[in-house]
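Notes follow the structure.
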Amino acid sequence: MKILISADMEGATGVTWPADVLPGTPQWERCRSLFTSDVNAAVQGFFDGGADEVLINEAHWTMRNLLLEELDERAEMLTGKHKSLSMVEGVQHGDVDGIAFVGYHTGAGAEGVLAHTYLANSLTGVWADGVRASEGLLNALVVAEFGVPVVLVTGDDRTVEDAGGYAPAAQGVAVKDYVSRYAAVCRTPARTAADIRAAAAKAAPLAVRTTPAPPQPHTIELEFDAEHLAGAATVVPGVERVGERRVAYTSRDMYEGIRCFKAVTTVVSAAVEEQYG
């Protein structure tokens, strides 16, 4: 049994505001250990539950945040940027039986600690086939095309609620409770590590690769906080303006859909000007 862990940082234990997750800040340095503790607990739990192999895909910002030297030696880590499937890189090779979303968060425009979708700001909402989408939902649509179930989701309480919509069978662990975008009631790392490890052990039997979902078209709509960003997004072929601050595109499958999404967010981030956005 092979488990892929997609590890993001905003939903990690103790993380509540931007300085906790922005590389280079003193708070980020401190929170790297908390982030690593959450991931380590998931690794240990999956091995407790019978996993033979665990691959961690670093999925936050620079994708160079986890402390390799603190990880369980049985795991391996894929770190660094410019990966074909970004947050779920590795799922496409046909040898992954289940995936865990560790340290995840809710989507742009929703309640949740550090809620956003790919871009820290600028995006006010994303919809997949008419449903408001978090990174969890988008990535769940991708992995379904490879027959890989989402078996574990950790983050704040709103993130666990969100996962109930796209992975109802998955184990969920809330490491903190939402108060505002930049505040939460946090559990201690010792407690969250125990909770994550226990949930991962329970999740391991759910890691059963199935027949991939038949590829089907998906329509993705993005809303920005400024009209010029919608204009910038249309540089990407197939992306059309559908409102003053909205664009949409339809992909033949979610593999292409998430790659187009990444292209749009990359172009848009380059169009954001200091102070005025």
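Computed from heavy atoms alone, side chains included, the values below leave out hydrogens, waters and symmetry copies. When a residue number appears, it is its place in the shown sequence, counting from 1.
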Can you check whether [Y]'s main-chain N or O pairs, donor with acceptor, with [X]'s side chain at less than 3.5 Å?
X	Y	value
Thr25	Ala19	yes
Ser37	Ser33	no
Asp38	Thr13	yes
Asp156	Val113	yes
Glu145	Pro212	no
Tyr249	Phe261	yes
His60	Glu10	no
Thr79	Met63	yes
Lys262	Leu85	no
Lys176	Val15	yes

Please determine whether salt bridge (charged side-chain N to carboxylate O under 4.0 Å, His left out) holds for the pair Asp177 and Arg187, giving the CA-CA distance in whole Å, both sets of side-chain angles, and the decisive distance to 0.1 Å.
CA-CA 9 Å; Asp177 295 333; Arg187 328 248 204 273; 3.1 Å; yes

Identify whether the distance between the nearest side-chain nitrogen and carboxylate oxygen of [X] and [Y] falls below 4.0 Å.
X	Y	answer
Glu58	Arg64	no
Glu227	Arg241	yes
Asp97	Arg209	yes
Asp225	Arg245	no

Donor + acceptor pair across side chains of [X], [Y] (<3.5 Å):
X	Y	value
Ser84	Arg259	yes
Thr250	Thr219	yes
Glu89	Asn57	no
Asn121	His116	no

Test Thr124 against Glu223 for side chain to side chain donor-acceptor pair (under 3.5 Å), laying out the working first.
CA-CA 6 Å; Thr124 58; Glu223 180 183 78; 2.7 Å; yes

What do the steps show when you test Tyr104 against Ser6 for side chain to side chain donor-acceptor pair (under 3.5 Å), and what is the final call?
CA-CA 9 Å; Tyr104 268 49; Ser6 174; 2.6 Å; yes

Mind listing the closest non-hydrogen atom pair of [X] and [Y] along with its distance?
X	Y	value
Asp129	Pro217	OD1-O, 4.4 Å
Ala204	Gly49	CB-O, 3.6 Å
Ala7	Leu66	CB-CD1, 4.2 Å
Thr154	Gly103	OG1-N, 2.9 Å
Leu55	Lys2	CB-CE, 4.2 Å
Val150	Ala167	CB-CB, 3.8 Å

Is it true that atom CD of Glu240 has more than 12 heavy atoms of other residues, nucleotides or ligands lying nearer than 6.0 Å?
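Result for CD/Glu240: open.
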
Answer yes or no for Arg30 and Trp28: cation-pi contact, defined as NZ/CZ to six-membered ring centre under 6.0 Å and angle to ring axis within 45°.
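Not flagged: Arg30 not positioned over aromatic ring of Trp28.
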
Is Arg181 positioned over the aromatic face of Trp17, cation under 6.0 angstrom from the ring centre and no more than 45 degrees off axis?
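Here Arg181 fails the 6.0 Å and 45° test against Trp17.
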
Please step through side chain to side chain contact (heavy atoms under 4.5 Å, CB included) for the pair Leu22 and Trp61, ending with a clear verdict.
CA-CA 8 Å; Leu22 293 175; Trp61 206 276; 3.5 Å; yes

So if you build clusters from Ile, Leu, Val, Met, Phe, Trp, Tyr with side-chain heavy-atom gaps below 4.5 Å, do [X] and [Y] land together?
X	Y	result
Leu67	Ile56	no
Leu152	Ile3	yes
Val88	Phe46	no

Val239 pairs by side-chain contact (heavy atoms from CB on, under 4.5 Å) with which of Ile220, Leu222, Val247?
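Result: among Ile220, Leu222, Val247, Val247 is the only option passing the side-chain contact (heavy atoms from CB on, under 4.5 Å) with Val239.
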
Rounded to the nearest 0.5 Å, how far does [atom2] of [Y] lie from [atom1] of [X]?
X	Y	atom1	atom2	value
Trp127	Leu138	CH2	CG	12.0 Å
Tyr118	Leu123	OH	CG	11.5 Å
Glu135	Asp162	CD	CG	10.5 Å

Go through it in stages, so that I can follow the logic: the residues are Asn139 and Tyr166, the test is side chain to side chain donor-acceptor pair (under 3.5 Å), and I'd like the CA-CA distance, side-chain angles, deciding distance and then a yes or no.
CA-CA 10 Å; Asn139 290 331; Tyr166 63 78; over 6 Å; no

